Amino acid sequence: MRFIWQTALKDLRRHRSEPFGFIIWLGIPLVIGTLMVLASGGRGGVRPHAELLVVDGDNTLLSGALVSALSQDNFGGGIIQAEEVSIEEGLDRINDGDGSALLIIPPGFTSAILQEEPTTLNLIKNPAQRILPGIIEESVSIFVDLTWYVQRLFGDELRDIAEGPSEGGGTFEDLFVADLSVRINRMMSRVGDYLFPPIIKLDAGPAPDESTLDVEADSEDKVSVNFGTLFVPGLLIMSILFMCQSMSEDLWKERDGQTLRRVTATPRWAGSFLLGKILAAAILMFMVTLVALTLGFVYFRFHIETFPLAIIWTTFSGAVFVSGLMVIQLFVSSARAGNIVTMIIIFPLMMVGGSFFPFEAMPEGMAAIGRLTPNGWALEQMKAILFDRVEPASLARSFGALLIVGTGLFFLATSRLRRAAS
Amino acid sequence: MIEVEGFQKRYGDLVAVDDVSFTAAPGEIFGLLGPNGAGKSTTISCIAGLLTPSAGRIRLMGHDVTTEGPRSRESLGVVPQDLALYEDLSAWENLDYWGSAYGLRGAHLRNRVAEVLDRIGLADRAKEAVKKFSGGMKRRLNFGCALVHEPKTLLLDEPTVGVDPQSRVRLLDLVRAETEKGTCVLYTTHYMEEAENLCDRLAIIDHGKIIASGTLEELRAILGERDLVRLSGKFDTGRIGEALAPLDGVELVQADELTLTIASRQASTKLSALFEALSSIGSEINETTLTRPNLETLFIKLTGKELRE
């Protein structure tokens, strides 16, 4: 056990004398991330807009209210911009990929609400977009829920208003208005304790990949929607992969420097030497993850309480990655071959696995493939942890899978180490 | 103690080392001499546990290297031919790490590191990165890393290659100091004078087999105190035996069209007769070298070639 720690300490000291490598591991993803965030508007830049095309087939006060509510600044975080179109234009534009979604309000919508009859709002989402149509869908569903509650509470009053002034009169009678006001006021008094607070407020949720929105009380501290939040986890995994590649290549430095040969001539188990190297890599990955998440906290308001689990996950999965790359290094015939083979593996993995481009920006088929890659899978788990969507049982299974794979790779690497040294 | 009995190492059909046996006792320096590819490094790799013998038995301090690998290596120190150091670390950190690899810890480890640094003359550079050291200093540290755990057996694989004369003398003194403490040393080198001065017993290995072994005196006796005369020029190999037959005490060691090697007592007194005999069969002599008997001449006599070829 002590030799494992001594080996880790030795590697950390060696890396301390070469800080350039550490800067590269963090620097490349940071540069790429900064460029991506700047290109996408950044935190203070232009916010993304969901363009909602609305076909108002009902053309009543209530359907008009629905359209204006969806496009208000404080509903949907000001993301949705509604535009009224005809059914033909709406279908043409959505088929051309213009607009995030098409909402069709059917004729008789208001009447159905007032008469407590079933009615259907049709929402056609743009398949080329993933997040913004989801935001619209959630917003519309919230509005439907809201309408249902209003209908249950004030159904009679609304029907009275809809019937209009009594026959022969152009306006409502004073008695009618007073009676209506008193009824509404009494109802508000009865339900006020349930409605205020909470104030229903919509904010973009921190789970962009599933395009979900949260409706919850006082969510001032939620992670804001920003393309940076989509990129940071992927860039962190990119950083981890670069580190793993570099740390695995260190086996060749040990071999060429004859120190691997000297280690295998000691009484220590070869596996303890490898464990020490993996431990050193894990410590460095821990530090890099801490730095990256701290930047995420400062710049993108990541939730700090998710950090311990996210750091443990990233470090643990990084340790398994480095074990896998070490196996490759121990099977190839030269340092150059090791460099080429590992690069050939990790670059496509980074491209497909959500590091260069977030899954949310990929076509669904490609994203599905990306999520099956080792780094894509690790990335999805990390995002689930960071954005409060993780299920303990699922996470436990993931840790178990990592442990099994990591153990297999470690013993495979250990079995090759003595041969590589000689 | 190192005990090697009937050791063989095969790589498929290729037999790299065949039926090698020798014993090196505590307090003894045993030299293993041979040209490149003779099987020295393979033998050392198997003794160090880096390779598994195909046949035979190797024991270190009574422990079989195959069946008791870790136990046998506890008492073993290895000084590889190439530097095996972490150049980014300091001399102290290198010794500390290799000491910990042999289970040393705490105050004992610190004391041993300090002692070794003092012995190899690097105490004043202990905290400096090894990459700033000269070649000789690195060689001494390379040696020191094998000593930090006070091994009972030492394998030194050509430790003085590329070392300046001053560092070389210091290294050889360190080796002698180790044997005075009772350490058993297996030493390989290309430098014959180094082996003559340092080794108590020697084995000459070529093509994977030991062709001669014993003390320096025993090996010299094989040569019979005869000088070696090496001639270069043009020779008729078919008639050389006929030309040398009348010369008393002259033995043909090796002959080809361009070189000729002859062994003889007091060869300097027979040179004129030798030249005359060779001229009589039409030989042309361009260059003559006369060598007094030593390990080099023995090696040439046994193998027909120089050790560095």
Side-chain angles (χ1 to χ4, degrees), chain A residues 1-23 246-247 249-277 279-281 284 330 333 335 414-422, chain B residues 9 11 41-42 44-52 60 63 65 68-90 92-106 109 129-132 138 142 145-146 148-149 151 153-155 157:
Chain A
M1 192 65 197
R2 191 171 178 278
F3 183 62
I4 295 171
W5 175 242
Q6 286 292 327
T7 301
L9 204 60
K10 174 261 297 176
D11 274 359
L12 292 174
R13 284 173 176 153
R14 289 170 60 219
H15 288 296
R16 181 193 59 194
S17 69
E18 285 182 355
F20 191 64
F22 194 78
I23 292 166
S246 172
M247 301 293 277
E249 281 189 339
D250 196 52
L251 278 177
W252 278 102
K253 288 184 188 168
E254 297 265 13
R255 184 175 171 175
D256 293 344
Q258 297 293 316
T259 46
L260 186 58
R261 193 175 169 85
R262 182 165 241 165
V263 163
T264 50
T266 70
R268 297 293 140 224
W269 176 48
S272 61
F273 176 73
L274 268 186
L275 273 178
K277 295 192 82 64
L279 177 61
L284 287 170
L330 290 169
S333 59
T414 301
S415 69
R416 290 287 300 186
L417 195 69
R418 192 167 289 276
R419 184 182 293 186
S422 61
Chain B
K9 181 64 187 174
Y11 296 99
S41 293
T42 303
I44 281 197
S45 293
C46 286
I47 295 172
L50 296 168
L51 295 174
T52 307
L60 295 173
H63 299 291
V65 297
E68 303 171 88
R71 189 82 190 276
S72 70
R73 291 194 290 272
E74 281 175 5
S75 58
L76 178 68
V78 180
V79 182
Q81 186 174 348
D82 297 316
L83 294 169
L85 300 168
Y86 292 107
E87 300 241 335
D88 297 322
L89 302 185
S90 68
W92 180 284
E93 287 168 336
N94 268 280
L95 291 168
D96 183 74
Y97 179 66
W98 293 115
S100 72
Y102 285 90
L104 272 58
R105 59 199 303 176
L109 175 59
V130 172
K131 60 188 170 193
K132 295 179 182 171
K138 287 178 184 175
N142 196 39
C145 289
V148 71
H149 61 292
T153 50
L154 258 181
L155 305 182
D157 193 4

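Just so it is clear, the structure is predicted and the values come from calculations on it, not from any experiment. Below, chains carry the letters A, B, ... as their sequence lines are ordered, and counting in each starts from 1.
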Interface moiety of A:T7 toward chain B, non-hydrogen atoms closer than 4.5 Å: both

Between OG on residue B:S100 and CG on residue A:L9, distance to nearest 0.5 Å: 9.5 Å

B:S90-A:R13 side chain donor-acceptor pair, cut-off 3.5 Å: no

For chain A, the option from B:C145, B:G77, B:S75 that forms the most heavy-atom pairs under 4.5 Å: B:C145

Toward chain A, the part of B:L104 with a non-hydrogen atom under 4.5 Å: backbone

Non-hydrogen side-chain atoms of B:V78 and A:R262 separated by less than 4.5 Å: no

Top contributor to chain A interface from B:G103, B:A48, B:A101 [non-hydrogen pairs under 4.5 Å]: B:A101

Contacting region of B:L89 [heavy-atom separation from chain A under 4.5 Å]: side chain

Heavy-atom check, side chain of B:Y97 versus side chain of A:F3, under 4.5 Å: yes

Contact class of B:R71 relative to chain A, heavy atoms under 4.5 angstrom: neither

Heavy-atom pairs under 4.5 Å with chain B, option from A:R16, A:E254, A:K253, A:R2 with the top count: A:R2

Inter-residue atom distance A:R261.CZ - B:Q81.CD, 0.5 Å rounding: 9.5 Å

Distance in Å, A:Q6 CD paired with B:D96 CG, rounded so as to fall on 0.5 Å steps: 5.5 Å

Over all atoms of both residues, closest heavy-atom pair of B:P70 and A:P267: O-CB, 3.3 Å

Close side-chain approach of B:R73 to A:T266, heavy-atom, < 4.5 Å: no

Test item: A:R418 side-chain N/O and B:G49 main-chain N/O as donor-acceptor pair under 3.5 Å: yes

Rounded distance [0.5 Å steps], CG in B:L51 versus OG1 in A:T264: 9.5 Å

Which of B:E74, B:H149, B:R105 touches chain A most, by non-hydrogen pairs under 4.5 Å: B:R105

Interchain contact, B:A146 with chain A, by part (heavy-atom threshold 4.5 Å): both

